[in-house]
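As the structure is a computational prediction, the values presented were derived from the model and not from experiment.
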Amino acid sequence: MSGNETRANPEAELEKVRARYGLLAVVISNLAIAAVAIIGVWRLHGDKSVIVGVLTAAFTAVSSMTTAYLGIKAVSNTAKSLALGDGLGRRRTEAAPPDQHTP
């Protein structure tokens with residue numbers, strides 16, 4: 001992408017930056033959760049019931065964070081495409097009744 005195209009559409013560039021940093025925040029958060037879980041398991045010295053709880057909580061936190069980010073991103077993209085009119089034509093063709101032929 002050349003510099004002129006970037007200046008012509010600053011909203012597209014802003015959306016790319018938001019997506020990039022949002023994904024970076026999710027990845028860093030997931031790594032922090034994993035690190036805390038690993039340190040917690042290491043410090044428990046083999047207490048299996050507590051280890052299972054720590055790992056379950058860590059997995060739940062990582063999956064919830066990732067799912068929330070992807071869900072918000074999908075809804076944002078859908079809303080943006082509808083606002084720009086991209087989804088309007090699609091909706092009209094889906095809602096159009098089938099051709100009715102009389103015998």
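Put simply, Ile39 and Ile33 are part of two different groups of oily side chains (I, L, V, M, F, W, Y) that touch within less than 4.5 Å, one to the next. Clustering ILVMFWY residues whenever any of their side-chain heavy atoms sit less than 4.5 angstrom apart, transitively, puts Val17 in a cluster other than the one holding Leu23.
Note that OG of Ser76 is 9.5 Å distant from CD1 of Ile72, once rounded to the nearest 0.5 Å. The CE atom of Met65 sits 10.5 Å away from atom OG1 of Thr67, with the distance rounded to the nearest 0.5 Å.
In this structure, the side chain to side chain contact (heavy atoms under 4.5 Å, CB included) partners of Val50, at least two apart in sequence or on a different chain, are Leu44, Asp47, Val54. Considering only residues two or more places apart in sequence or on other chains, Thr66 meets the side chain to side chain donor-acceptor pair (under 3.5 Å) condition with Asn30. In this structure Ala19 satisfies the side chain to side chain contact (heavy atoms under 4.5 Å, CB included) test together with Tyr69, Lys73, sequence neighbours excluded.
No option in Glu15, Lys16, Glu11 other than Lys16 meets the side chain to side chain contact (heavy atoms under 4.5 Å, CB included) test with Glu13.
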Donor-acceptor contacts, no H, no angles, side chain residues 55-63, under 3.5 Å, sequence neighbours left out:
residue, atom, partner, partner atom, Å
Thr56, OG1, Val52, O, 2.7
Thr60, OG1, Thr56, O, 2.8
Ser63, OG, Phe59, O, 3.0
Ser63, OG, Thr60, O, 3.1

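Think of Leu14 as one node in a network of Ile, Leu, Val, Met, Phe, Trp and Tyr side chains linked at under 4.5 Å; it has no links at all.
Listed by first then second residue, pairs satisfying side-chain hydrogen bond (donor to acceptor under 3.5 Å, both in side chains) with a partner in residues 19-29 number zero, not counting sequence neighbours.
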